[in-house]
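For reference, the structure discussed in these notes is given below.
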Amino acid sequence: MTQTHLAILIGLLFLAVFGGGYLLTLRMNRRLRAMTRAAEALARGDLTTRVPVESHDQLAALGRVLNSMAERLDTYVSDLRAERDLSGAVIGNLTEGVALLGSDLTIRHANDRFWALVGQDRPSGAMLPRLASARQPYLEEIVRQAMRQGAALRREASLYVDERREYEIAVLPIHESPEAGDWLLTIRDLKPERTMANLRREFVANVSHELKTPLTSIRGYAETLLQGGLEDEGNRSRFVETIHAQAVRLEALVEDLLELADLERPDAALDVKDWNFAEIAREMAAAFEEVAGRRGLELQLDAPRELHARVDRNRIEVAMRNLLDNAIKYTDEGSVTLTVRAQDDEVRVSITDTGRGIPPEHLPRVFERFYRVDLGRSRASGGTGLGLSIVKHAIELHGGRVGVVSTPGNGTTFWFEVPANGPPS
């Protein structure tokens with residue numbers, strides 16, 4: 001081989017090595033640029049970005065490490081977001097207004113209920129609003145007092161939003177907060193609680209009064225018998241009959257109270273089955289035919305032969321029985337008509353009488369417990385004042401509605417509607 005050939009060979013080898021190195025450098029630069037772009041995207045928060053891995057060298061190993069780290073970080077961030085969304089949903093659906101305050105009285109976070117209770121729209125903009133934006137100076141006073149004391153504080157206060165309302169205001173420090181000096185402010189509307197307390201007191205008072213009347217009568221006549229009335233042949237039978245009548249009234253009151261308590265239970269259940277609703281109406285009408293006849297009333301039934309619905313038969317019978325019983329008791333002459341109709345996806349039942357009717361001012365309250373339109377007549381007829389309330393609860397358990405239409409002197413129609421396909425789930 002001549003020197004010329006050797007020089008050419010060396011030159012070719014040099015060109016091959018140089019070209020290969022150049023191509024390798026280009027490929028390496030391309031991979032590094034791709035890895036740099038992926039790293040920058042991850043740094044910006046795009047955790048879906050992945051580094052391309054094309055070989056099995058050290059650079060590829062680094063890419064796999066970055067991808068694995070991005071996957072773990074993506075999972076961790078997704079879990080944090082899910083937890084944040086869940087916490088936000090819980091706080092957002094609280095009945096209390098909740099606000100997280102900084103030491104400078106900035107509102108770092110507040111749920112919609114908070115802004116609704118203070119009567120303000122949620123402030124817009126990037127800057128954190130201050131508690132002053134709630135426009136309730138007494139709130140600031142309570143929060144500042146808690147901060148001065150360095151301890152939790154709870155107060156009842158009046159806030160004015162359209163009207164004066166009573167609230168329970170609570171302020172407590174959050175020691176676990178990453179920001180020093182954070183405080184939690186909560187506002188709880190006391191009206192529902194006090195309304196329920198008033199209803200309980202009214203219910204107890206009404207029950208006590210209703211129980212006291214027959215018990216007083218029973219005791220009085222029993223004492224009369226014990227003090228010589230047993231020897232009074234002309235009156236002792238009347239005394240015993242009165243005691244028996246009052247005991248029956250007392251038993252009816254207790255049964256209605258137990259029925260109402262069962263209907264009002266939070267876990268009150270329905271035994272829903274497919275029934276021929278028209279057949280139920282026919283049986284109920286037949287059960288009251290004799291009672292209506294004794295009072296000289298005509299009991300009419302207007303119902304199709306077949307009308308099926310998914311209901312709790314016992315509850316429906318309780319509702320029909322109370323409405324028919326009331327209609328017959330408070331109708332002096334004429335008729336009582338029980339009507340059953342299919343209406344869209346519902347069954348409508350109405351009981352119409354030709355009685356004296358109900359004055360308009362009483363109509364909004366007739367379904368309340370112990371409410372009586374004619375107090376003296378209701379008690380004389382043996383009513384407990386709970387029948388219509390029982391009807392209302394029995395129908396509402398089915399997801400239905402009740403109502404009344406009446407004109408004084410022209411009779412009354414009580415009605416209820418229940419879904420034909422059963423209570424909504």
Side-chain angles (χ1 to χ4, degrees), residues 248-249 252 255-256 259 275-307 309 311 313-343 346-360 362-368 370-395 398 400-418:
V248 170
R249 177 182 171 187
E255 287 179 353
D256 280 354
E259 181 73 38
W275 294 98
N276 185 343
F277 211 98
E279 182 63 30
I280 296 176
R282 281 192 289 273
E283 290 183 9
M284 294 302 300
F288 280 89
E289 207 164 21
E290 182 181 349
V291 178
R294 286 201 303 266
R295 290 185 56 84
L297 302 175
E298 182 182 2
L299 180 57
Q300 301 173 345
L301 174 66
D302 182 7
R305 296 298 305 172
E306 294 286 333
L307 177 56
V311 295
R313 178 165 182 156
N314 289 333
R315 306 289 196 194
I316 294 298
E317 286 182 349
V318 164
M320 283 190 186
R321 186 181 302 116
N322 276 285
L323 292 178
L324 283 169
D325 185 55
N326 280 355
I328 293 171
K329 277 180 182 176
Y330 302 122
T331 302
D332 297 323
E333 59 181 0
S335 64
V336 173
T337 303
L338 170 59
T339 305
V340 181
R341 288 285 182 272
Q343 184 171 290
E346 295 181 321
V347 175
R348 181 182 176 93
V349 175
S350 57
I351 291 89
T352 303
D353 63 55
T354 57
R356 65 182 63 181
I358 301 173
H362 293 288
L363 292 177
R365 300 191 60 189
V366 293
F367 289 99
E368 294 180 13
F370 295 112
Y371 189 81
R372 291 183 172 94
V373 176
D374 186 341
L375 185 61
R377 188 179 182 196
S378 177
R379 284 183 175 152
S381 63
T384 64
L386 294 172
L388 291 178
S389 183
I390 289 172
V391 171
K392 182 173 182 286
H393 282 82
I395 299 306
H398 284 81
R401 300 177 298 137
V402 297
V404 57
V405 178
S406 183
T407 303
N410 290 323
T412 303
T413 296
F414 281 92
W415 58 268
F416 66 81
E417 295 173 348
V418 292

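Scanning for salt bridge (charged side-chain N to carboxylate O under 4.0 Å, His left out) contacts around Glu255 gives an empty result, with sequence neighbours left out. Remark: Thr354 pairs with no residue by the side chain to side chain donor-acceptor pair (under 3.5 Å) rule, at least two apart or across chains. A search for side chain to side chain donor-acceptor pair (under 3.5 Å) contacts involving Thr352 returns Thr413, not counting sequence neighbours. Residues passing the side chain to side chain donor-acceptor pair (under 3.5 Å) test with Arg294, sequence neighbours excluded: Glu290. A search for salt bridge (charged side-chain N to carboxylate O under 4.0 Å, His left out) contacts involving Arg313 returns Glu283, Glu317, not counting sequence neighbours. The side chain to side chain donor-acceptor pair (under 3.5 Å) search around Glu368 returns Arg365, not counting sequence neighbours.
In this structure, Glu289 CD and Glu298 CD are separated by 10.0 Å, a value rounded to the nearest 0.5 Å. Taken from CD1 in Ile351 to CD1 in Ile328, the straight-line distance is 10.0 Å, to the nearest 0.5 Å. The CZ atom of Arg315 sits 8.5 Å away from the NE2 atom of His398 when rounded to the nearest 0.5 Å. Summarising the geometry, atom OG1 belonging to Thr407 is positioned 10.5 Å from atom CD1 belonging to Ile358; distances are rounded to the nearest 0.5 Å. Once rounded to the nearest 0.5 Å, the distance linking CG of Asn276 with CZ of Arg282 reads 6.0 Å. In this structure, the separation between CZ on Arg401 and CH2 on Trp415 is 4.5 Å, given to the nearest 0.5 Å.
Side-chain contact between Thr339 and Arg348 is absent, with no heavy atoms from C-beta onward closer than 4.5 Å. Taking 4.5 Å as the limit, some side-chain heavy atom of Leu299 sits within range of a side-chain heavy atom of Leu324. Residues Tyr330 and Thr412 form no side-chain contact, since every pair of their non-hydrogen atoms from C-beta on lies 4.5 Å or further apart. Residues Phe277 and Val418 form a side-chain contact, since some pair of their non-hydrogen atoms from C-beta on lies under 4.5 Å apart.
Of all the heavy atoms in Pro408 and Pro359, the pair that sits closest is CG-CA, 3.8 Å. The minimum heavy-atom distance linking Ile395 with Glu417 is given by the pair CG2-O, 3.7 Å. Heavy-atom minimum distance, Leu338 versus Ala281: CD2-O, 3.6 Å. Between Ala278 and Arg305, the shortest heavy-atom distance links the atoms CB-O, 4.0 Å.
Tested against Phe414, the residues Val405, Asn326, Val391, Val366 include a single side-chain contact (heavy atoms from CB on, under 4.5 Å) partner, Val366.
Between the side chains of Thr337 and Gln300, at least one donor-acceptor pair of N or O atoms lies under 3.5 Å.
A donor-acceptor pair under 3.5 Å is formed between the side chain of Ser406 and the backbone N or O of Gly411.
Around CD of Glu333, the count of heavy atoms belonging to other residues, nucleotides or ligands within 6.0 Å does not exceed 12.
In summary, Arg321 and Asp325 do not engage in a salt bridge, as defined by a charged side-chain N under 4.0 Å from a carboxylate O.
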